[in-house]
Amino acid sequence: MKTTLLTIGLALTIISCNNSKTEKRAAETTNETTAKAENTAASDQEGGKAITPIIDAYLAVKNALVNDNQEEAAKSGATLATALASLDISQFDVDKQTELQEIVEVAKNHGEHISKSEIEHQREHFEAMSQDIKDLTAIVGTDRTLYHQYCPMYNDNKGGMWLSTSEEIKNPLFGAKMMKCGKVQEIISL
Amino acid sequence: MKKAAIIILILGIGIQFIPVPKNQTEKVSEADFLQTMEATIPIQNMIKASCYDCHSNNTNYPWYGRVRPFAWLLQQHIDEGKDELNFSTFQEYSGRMQREKIRSMISQISDGEMPLKEYLWMHPEAEMTKEEKEQLIEYLEKLNPQ
């Protein structure tokens, strides 16, 4: 009896290990497909600002979270990670390149986490990443007006911020639970 | 039934010969979190006991830690854990990345996600009381690496 239990345990552990590996591989292939799509999009809009695909993907994550849509947020998180990876840092001031490199690395890590986690974890990474994207615009500039918005109730009242293209508050940190929490703290203009 | 038991026994012994890498190094890394951040001894002990087995280059292997299949499971935790956060090479992260890792640690501890539950079954000493968690979080919140 004991041995049977042990074997079942054994089999289960082996199966569970394999499962998580296949999942990871699946996630990697999706990443690759989005990478390709993103590359063609970037060459189509030559001359457009370098940051455009990054802000596009960031806002797509934000909108998905406003709509409580985990799946869409995951997809856009992967797109964002590839958009960040394709940013050519050498075109910016030499003395800003290290900081840019660090921002891109951290924000990319957030995008990757968003691409593979459940929605509350996505929101957490999205909130942290919003500051990085804001710091990015401070160096690289922005291609559209962005509103830095803040809801003091997020994360057990520690507060949380995000960026939006509209003055109106639609909260991505709470979604439908508290859609209106927040106010504009700063306007980032062109 | 008896035959099955024998086959299982043979398999069980057989898999012990499949090699599993050992996550240990003699070197004390200069980039190690506890070597470079100031922390009281109780805080150091807490982080060491609760996190270092999966998040550093030195695992303190428990008795079952070299026994397959448990060794594979632990190895998988170490691989994935170090991928996310490696205390042994903490100073090699940029300042921004260090701040992000600290943010993530605070969130994982306060959500009760870390240390992993499967691990606590076998490691009661890694379990932190509510007060210990609060102390650790308070410590982490004060860190602000540049």
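So you know, we letter chains A, B, ... as the sequences are listed, proteins then strands, and number each from 1.
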Measuring from atom [atom1] of [X] to atom [atom2] of [Y], what distance do you get when rounded to the nearest 0.5 angstrom?
{"X": "A/Q131", "Y": "B/R96", "atom1": "CD", "atom2": "CZ", "answer": "7.5 Å"}
{"X": "B/S94", "Y": "A/E105", "atom1": "OG", "atom2": "CD", "answer": "5.5 Å"}
{"X": "B/E100", "Y": "A/D132", "atom1": "CD", "atom2": "CG", "answer": "7.5 Å"}
{"X": "A/H121", "Y": "B/D111", "atom1": "NE2", "atom2": "CG", "answer": "9.0 Å"}

Checking side-chain polar atoms at under 3.5 Å, does A/H113 have a donor or acceptor matched by the opposite partner on B/E84? yes
Quick check on the hydrophobic clustering: are [X] and [Y] connected, directly or via other members, by side-chain heavy-atom contacts under 4.5 Å?
{"X": "A/I119", "Y": "A/M153", "answer": "yes"}
{"X": "B/Y119", "Y": "B/F70", "answer": "no"}
{"X": "A/I55", "Y": "A/F126", "answer": "yes"}
{"X": "A/L146", "Y": "A/L87", "answer": "yes"}
{"X": "A/I89", "Y": "A/Y58", "answer": "yes"}

Check whether [X] gets within reach of chain A through its side chain, its backbone, both or neither, counting any heavy atom under 4.5 Å.
{"X": "B/E141", "answer": "side chain"}
{"X": "B/Q108", "answer": "side chain"}
{"X": "B/R103", "answer": "side chain"}

Does [X] [atom1] have over 12 foreign heavy atoms under 6.0 Å away?
{"X": "B/E138", "atom1": "CD", "value": "no"}
{"X": "A/K134", "atom1": "NZ", "value": "yes"}
{"X": "A/E120", "atom1": "CD", "value": "yes"}

Based on non-hydrogen pairs under 4.5 Å, which of A/H110, A/H125, A/Q101 is most in contact with chain B? A/H110
When clusters are formed from ILVMFWY side-chain contacts under 4.5 Å, directly or step by step, what else is grouped with B/M46? A/V106, B/F33, B/L34, B/M37, B/I43, B/I47, B/Y52, B/L85, B/F87, B/F90, B/Y93, B/M97, B/I102, B/M105, B/I106, B/I109, B/M128, B/L136, B/I137, B/Y139, B/L140, B/L143
Positions in residues 155-190 of chain A that reach chain B, provided some heavy atom is under 4.5 Å away: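 Expected list: A/K158.
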